[in-house]
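One structure is given below, encoded as structure tokens.
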Amino acid sequence: MSSKAPQAYEVKELGGTPEQEAYMRDIIDQFTVDTKYLNQIRDHFIVEMQKGLEKEGATVAMIPSFVEGRLTGQEKGHFLALDLGGTNLRVVLVTLEGAGKFKTVSSKSRVSEELKTGPMRNLCDYIAECVDTFLTEQGLEDQEMELNLGYTFSFPVLQSSINRGTLSTWTKGFACTGAVGKDPVLLLQDALLRKHVPVKVSAIVNDTVGTLLSNAYNKPETLAGLILGTGANGAYIEKIDKIKKWKGGKSTSDEMIINMELGAFDNERNILPLTRFDNKLDRESINPHAQLYEKMISGMYLGEITRNVLTDMIDRELLLKREIHTSFAWSKDISRHWSFETAFMSNIEADNSDELSVSKEILDTNLNLHDITTTEARIIKKICELVGKRAARLAACSISAIIKHCEVGPEGCDIGIDGSLYEFYPSFEARMYEALKEMHPEINDIEKTIRLGLARDGSGVGAALTACVAARMEQTA
Ligand code: BGC
């Protein structure tokens, strides 16, 4: 991952008109979160975490995952994992080899918009079909024994055991009917039975919990797992006696992983620096008033926030101003919801060519914006930078909250992160570190102490490890 900061333009360097400059100064002001503000957000975060640990129904839900204890790295065996929650559905066969090593084979398929918003039964039937096809491809269809499957279901599920729970709400554009208030494990198990697929869903796991586990498999000092991709969330290891609401009875360890469901942080709008562009996005989203923090820091939304700024400038005749007869054609694609993808932001931010020719090409190919001037491209790049940088800085607040809450000492900790934003967005990590440095002047070498790192395939390997922990817990119970 590159830690080189993309070239940034100051307002004067954009080369715009005085009106464009004035607009940009205001936008910079709205999207800038200074150190003092970061600290305030972090402090509020810690208070909200505390509320979630004390009682059910808090905004930051702090859900016990029923994954107890830590890994040794010696875990072994074959496990099946299923990953639902982002853009794709994945079926994975994981071989844990011990010594922190593993192998995976997987198949990936897209979940259509129709499946995401139709009846849950159809989605489960589709998943069962994908599992069935995968088993056939891998020559595993005629197993004598049922295979154990770890189900990475990356939505807020209130768990009552390692393989039971109820979906409290959908996020990230999913809205299947007949699922909220139900157990996703039972719904999937029924679909597998209907198709005679010889698989037992033995654990349900959030992707953040999986990410934490997969990172911990070879980095035992791992404290937390984060997803910064389509959606955003975090999980960390908590002392069971600090989970005041815990009524789970006897446990096999004094620690448990908590799925924070931090995307819902500040749904009350007490502290987040919401702009009118965020408010518009929220109002027009499938889940208004929900997941407000997620909507400022995750891949599903950053492009849309940027688009909202761009269309505001267009409406004020400060951008893409053309002859009357061409202006309609110009603005057609950019006027469409979600047309400006976060991936475009990534590529535009990475563009360091003199005339921003790569950015112009991206805008031309994807949004039919021909003949963009260099000044316009610079303005668009600057807006991407502001939205991307704010996301990274706000995301860092949750890391700061976790390390403060857990009183991490000078020995530091590892934090595993998965998701396209963290992996591919230029400087996302560097910007998070910058914010962490500002929030933690007491830490000398932030990168060596709070060790952020890419936890590849947290959802697949993590689900397999959860199935493994489930078996271990069963033995020791
Ligand atoms: C979900 C979380 C999930 C996160 C990342 C959020 O929308 O509520 O459960 O961990 O996305 O996939």
Side-chain angles (χ1 to χ4, degrees), residues 48-49 52 58-67 81-90 111 116-117 150-159 165-176 179-180 183-185 203-215 224-236 257-267 281-282 285-302 304 342 391 394-395 398-399 402 415-423 425 428 454-463 466:
E48 293 298 296
M49 284 171 70
T59 306
V60 179
M62 306 292 277
I63 304 170
S65 66
F66 289 79
V67 178
L82 192 66
D83 177 15
L84 177 77
T87 321
N88 297 303
L89 169 76
R90 281 187 331 128
V111 183
K116 279 187 190 168
T117 51
Y151 187 12
T152 304
F153 185 79
S154 303
F155 301 96
V157 171
L158 296 173
Q159 284 186 237
T166 51
L167 174 63
S168 60
T169 177
W170 284 115
T171 58
K172 296 176 288 197
F174 277 72
C176 293
V180 171
D183 186 340
V185 173
I204 180 162
V205 61
N206 187 266
D207 50 359
T208 54
V209 177
T211 299
L212 192 166
L213 287 172
S214 82
N215 207 67
L226 248 66
I227 297 287
L228 296 169
T230 308
N233 190 13
Y236 73 103
I257 300 177
I258 296 285
N259 163 18
M260 300 168 76
E261 285 300 333
L262 57 74
F265 169 63
D266 202 33
N267 279 347
L281 176 142
D282 180 42
S285 71
I286 195 169
N287 54 346
H289 309 301
Q291 302 292 103
L292 282 194
Y293 182 54
E294 176 171 70
K295 285 172 180 161
M296 299 175 97
I297 65 169
S298 79
M300 176 159 175
Y301 304 101
L302 298 190
E304 183 66 2
T342 303
L394 290 177
S398 62
I399 299 180
I402 294 171
I415 297 186
I417 311 182
D418 200 2
S420 46
L421 211 50
Y422 179 72
E423 189 173 359
Y425 199 100
F428 207 85
L454 186 65
R456 263 182 215 286
D457 198 11
S459 309
V461 179
T466 312

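Remember, predicted model here, so these are calculated numbers, not experimental data. Counting starts at 1 for both ligands and their atoms, in listed order. Only this structure's heavy atoms are used, side chains among them; waters, hydrogens and symmetry mates stay out.
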_Full working for side-chain hydrogen bond (donor to acceptor under 3.5 Å, both in side chains) between Asn259 and Asn233_ = CA-CA 8 Å; Asn259 163 18; Asn233 190 13; 2.8 Å; yes
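Around ligand 1, the residues contributing at least one heavy atom under 4.0 Å from the ligand are Ser154, Phe155, Pro156, Thr171, Lys172, Asn206, Asp207, Thr208, Ile227, Gly231, Ala232, Asn233, Glu261, Gln291, Glu294.
Under the side-chain hydrogen bond (donor to acceptor under 3.5 Å, both in side chains) criterion, Asn287 pairs with Ser285, Lys295, not counting sequence neighbours.
The aromatic rings of Tyr425 and Phe428 sit perpendicular, their planes meeting at an angle over 60°, well past the 30° parallel limit.
Looking at Ser298, its side chain does come within 3.5 Å of a backbone N or O of Thr230 through a donor-acceptor pair.
The shortest distance between side-chain heavy atoms of Arg90 and Asp457 falls below 4.5 Å. Contact of the Tyr151 side chain with the Leu84 side chain is registered, since non-hydrogen atoms from C-beta on lie closer than 4.5 Å.
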